[in-house]
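Start at 1 with the first residue, then count along the sequence. For ligands, and for the atoms within them, numbers begin at 1 and follow the listed sequence. Side chains included, hydrogens not; waters and symmetry mates left out as well; all remaining heavy atoms used.
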Amino acid sequence: MEYEIVNACIVTQDRLIPNGSIVVKNGIIHSLNPGGPPAGKRVRLNLNGLYVYPGLINSHDHLLSSYLPRVAPSKPYLNWLPWDNDLKSSIVFSERQQLEPEQLYLLGSFKNLISGVTAVQDHIPHFVQDPFVNSMPVRILNRYSLSHSICSYSLNWGDGPKEEYAKALKDDLPYITRIAEGFDSESRDSLKTLDKLGCLGEHTVLVHGVVLSESDIVLIAKKKANLVWCPEANLFLYERTTDIRDLIKHRINVCLGTDSSLCGSLNLLEEIRSARKFYQNEYGEDLSPKTLFEMVTTNPAKAFRIEKELGNIETGKKADLVIMTRNSEDPYVNLCESDLNSIRLVLRDGAPVYGDLSLESFFEESGAMVEKIRIGEADKYMIGSPGNLLESLGISLGYKKDLAFFPAQKEFDNFE
Ligand SMILES: [Zn+2]
């Protein structure tokens, strides 16, 4: 399909195009124009000045854990292990176990899509996510090597740090691991342990870093490793998070992630707001909205080594885009103040996957297999079969479960 988005306020990493147009051809951004009369005969989508952002990237999630409510009966935790034990012995966990992995992956996908996230890093061994990668509505970033964490009680994911890091170098993948996530000595030493193993470099993506020391941060900067920050989950489980100001000061490539809904935020937009609030409370100053924008677009594209394809609006990149309501003249402030109601349209590979009913003709012309669903107070089109999912959840659980990260109702439910 070929079409042109016109009258758009296009937000890219290095410039703002206030009255621009984007030609999308075969799922790719074919051209980016500053304005003027549109050329050629194409389907046109007139945005009347709405913002177009690159599709957001959620840098840390566990789609299999897309469930609620959050569990942490004995927080703050020493490290992830006692929390994991609490979780696995909780009623919430046994209820979640009644669902099929596919249902949970769909919930996680919809959770991300409705918040403008088009790509997600699902931290889990490949064999768990592989069956779902090609069928999920959201893009699962599946090129990576990994460890669970760097400690003697780490889960046995991957082939071990050295082997996984070697794979990353060989195939130009990110090597992803949790780090410094706890107050025990192994967690505190984990960054230096990783470095001693020779696994700290540009391919390394560190997640959390709750207890990173000043010298750890200097070392991460020196080795040009990347860090994923999940403030909401860190504060929930440990009542503290990393020294983000120091990380930014050292120009470390920082990305933002929600973590799983069983300990983190409801969605990436909420995570952005939490991050901003935390920074203001902790340091008494503002975390720049532009920096936050980069943490969910260009920075993860760099960390996950997908810069050529995703993370910015540029000719030749995949047309993963999100169109949002315009409430502020500053596009970065606008993003930081957005919520689920701000999302008007989400495009993945140029195809509409979620959006307003007012875009009916565009959805029709695209041929996308969407259905109508109510999200919060608004009726929307959504790819896949969210209605079937809701129905199947009711059957599996035996009651109508409310999941705040996916506030969906089958259309006309009210009238049945
Ligand atoms: Zn996690």
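- Aromatic ring orientation, Y175 versus Y165: perpendicular (interplanar angle above 60°, classes split at 30° and 60°).
- Note that the CD atom of E232 and the CZ atom of R273 stand 10.0 Å from one another [nearest 0.5 Å].
- For D259, the N/O/S atom at the shortest distance from the Zn ion (ligand 1) is named OD1.
- Residue C263: no N/O/S atom is found under 2.8 Å from the Zn ion (ligand 1).
- In this structure, W157 and H148 have perpendicular ring planes: the angle between them is above 60°, well past the 30° mark.
- Using bins of under 30°, 30° to 60° and over 60° for the plane-to-plane angle, the ring pair F110/F406 lands in the parallel bin.
- D61 lies apart from the Zn ion (ligand 1) in this respect, since none of its N, O or S atoms is found at a distance under 2.8 Å.
- Coordination check, H123 versus the Zn ion (ligand 1): failed, since every N/O/S atom of the residue sits at 2.8 Å or beyond.
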